[in-house]
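The chains referred to below are lettered A, B, ... by the order of the sequence lines, with proteins before strands, and numbering in each begins at 1.
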Number of protein chains: 2
Amino acid sequence: MKEIDLRIVKTKGALQEALLSMLKDKPLHMISVTAICREAKINRGTFYMHYGKVEDLFEEYFKEIMKDLTDSYMEPYKHVQILLSNELDPSTIRIFHHVEKYKKFYRIIFSKYVPMAYYYLLFDQVNQLLNQDIDEKHHAENKNMFSAYQANAILGMIIEWHRQDFQKTATEMNNLFVEILNFHFRK
Amino acid sequence: MKEIDLRIVKTKGALQEALLSMLKDKPLHMISVTAICREAKINRGTFYMHYGKVEDLFEEYFKEIMKDLTDSYMEPYKHVQILLSNELDPSTIRIFHHVEKYKKFYRIIFSKYVPMAYYYLLFDQVNQLLNQDIDEKHHAENKNMFSAYQANAILGMIIEWHRQDFQKTATEMNNLFVEILNFHFRK
DNA sequence: AATTTTATTATACACATGTTCAATAAAATT
DNA sequence: AATTTTATTGAACATGTGTATAATAAAATT
């Protein structure tokens, strides 16, 4: 039997395309299911067959971006033979460059009208990435709490970056991050 | 002239009360404007005179909670004669106790269906409170970035706390916070 | 190529949204 | 107490939501 029905692929593709096209004109929370279906020439009932609301359609796209975040983060590891997880240099993380690359979408993610769901997707991803590096430094019980602290601290910088309308470059953000970490260590 | 029209006070009060009462049965995102107005015996048009959507009504209530957060945070300061802003002991912060107190509402705030707006209200408040303490440690330009880092780090712990369904006590959270900070300083 | 499976469509329904308007009633002002 | 001001009401309207149904058409299977 076939893995996926071609009709579903076609329908989802059309809806994705329609949404992305409409996002050039309107913010996410102003786009209705009806309008997307009109644009995509897909029956509204079909939309509800695959998604529950507009945000679910966008979420599917956002998950693609989360994949790129993982790839970006992993990138520095590619250049070393042995994986020294515990010793990743903060100056080599690529998170800020990733956000800069998808600036357009992070403006949506950080919009105040958008549900928390996207933020949590992002949080989970950063959390998971950092977790590789802070293994064993804390005992298991508090590990989650520590990585939640660390991951969300970085997201705090991105929130502030977003509020400053991404004025700083990704490299400047990285330097700032290193500076803040150094401050923490030395005090 | 009168500061505020009594009719407005009455209307807003009835709507607030209706929403809070309905929140015992349903999550925020399942409560419609129509249902609130039915419950409050207020015309739907009147609702739209004061609020744009259900979330705005809840936001007004949440701002009250933000006031309590400030009061809670300030509490330790009351017991010292001279305000030594720069030297607040992390073990004396009352943020976790405040969240524990309003647990019921923070479950709403951290729900994935709720707009980012509340998170930002919380972020701003914690940010502002911490800002008093980290004055002058960084030069003005990066001060915002540093406090955003710090404030959101704490919110990260609260997110994780919420995910563990507030199993830990506020005091345990405070101890963990101190432990994490110590780890940062020593390394 | 014929048959089976199932995604899509068209249509309809009850309900919610967001806005507008004239009529009303409640509060503030004189 | 009479008058002015304005918040509230009731009604209507176009549009959106979410769900359900039978008819259709497209893909998968034989």
Touch check for [X], heavy atoms < 4.0 angstrom, all strands: base, sugar-phosphate only, or nothing?
X: Ile31(B); value: nothing
X: Ile36(B); value: nothing
X: Asp5(A); value: sugar-phosphate
X: Thr46(A); value: base

Answer yes if the ring centres of [X] and [Y] are under 6.0 angstrom apart, and no otherwise.
X: Tyr119(B); Y: Tyr119(A); answer: yes
X: Tyr106(A); Y: Tyr102(A); answer: no
X: Phe110(B); Y: Tyr118(B); answer: no

May I have the distance from [X] (atom [atom1]) to [N] (atom [atom2]), rounded to whole angstrom?
X: His29(B); N: dT17(C); atom1: NE2; atom2: P; answer: 14 Å
X: Glu55(B); N: dT17(C); atom1: CD; atom2: C1'; answer: 13 Å
X: Asp56(A); N: dG18(D); atom1: CG; atom2: C1'; answer: 13 Å
X: Ile8(A); N: dA28(D); atom1: CD1; atom2: C1'; answer: 12 Å
X: Lys53(A); N: dT17(C); atom1: NZ; atom2: C1'; answer: 18 Å
X: Ile42(B); N: dG10(D); atom1: CD1; atom2: C1'; answer: 14 Å
X: Asn43(A); N: dG16(D); atom1: CG; atom2: P; answer: 15 Å
X: Ile4(A); N: dT29(D); atom1: CD1; atom2: P; answer: 11 Å

Hey, which of these two, Lys10(B) or Arg38(B), hits DNA chain C nearer its 5' end, going by closest nucleotide?
->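 Result: Arg38(B).
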In terms of side-chain geometry, is the basic nitrogen of Asp165(A) or Arg107(A) positioned less than 4.0 Å from the acidic oxygen of its partner?
->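 Salt bridge: yes.
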Charged N-O contact under 4.0 Å between Glu64(A) and Lys67(A) |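 Lys67(A) and Glu64(A): salt-bridged.
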Which of the following nucleotides, dT8(D), dA28(D), dA28(C), is nearest to the side chain of Leu6(B)?
->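 The answer is dA28(C).
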For [N] and [X] - does any side-chain N or O of the residue sit under 4.0 Å from the phosphate oxygens OP1/OP2?
X: His50(A); N: dT8(C); value: yes
X: Tyr48(B); N: dG18(C); value: yes
X: Thr34(A); N: dT15(D); value: no

Write down the partner of dA22(D) under the Watson-Crick or G-U wobble criteria, each distance required to be under 3.5 Å.
->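 Because both required distances fall under 3.5 Å, dA22(D) counts as paired with dT9(C).
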Paired with dT29(D): which nucleotide, if any, by Watson-Crick or G-U wobble criteria at under 3.5 Å for both distances?
->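 When the pairing criteria are applied, dA2(C) turns out to be the nucleotide that pairs with dT29(D).
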Counting only heavy atoms not in Lys26(A), do more than 12 fall under 6.0 Å of its NZ?
->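 For Lys26(A), atom NZ is not crowded (no more than 12 foreign heavy atoms under 6.0 Å).
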Side-chain donor/acceptor of Arg7(A) to base of dA27(D), under 3.5 Å =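 Result: no qualifying N/O pair found.
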Polar side-chain contact Arg44(A)-dG18(D) base: donor and acceptor under 3.5 Å |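 Yes, a donor-acceptor pair under 3.5 Å.
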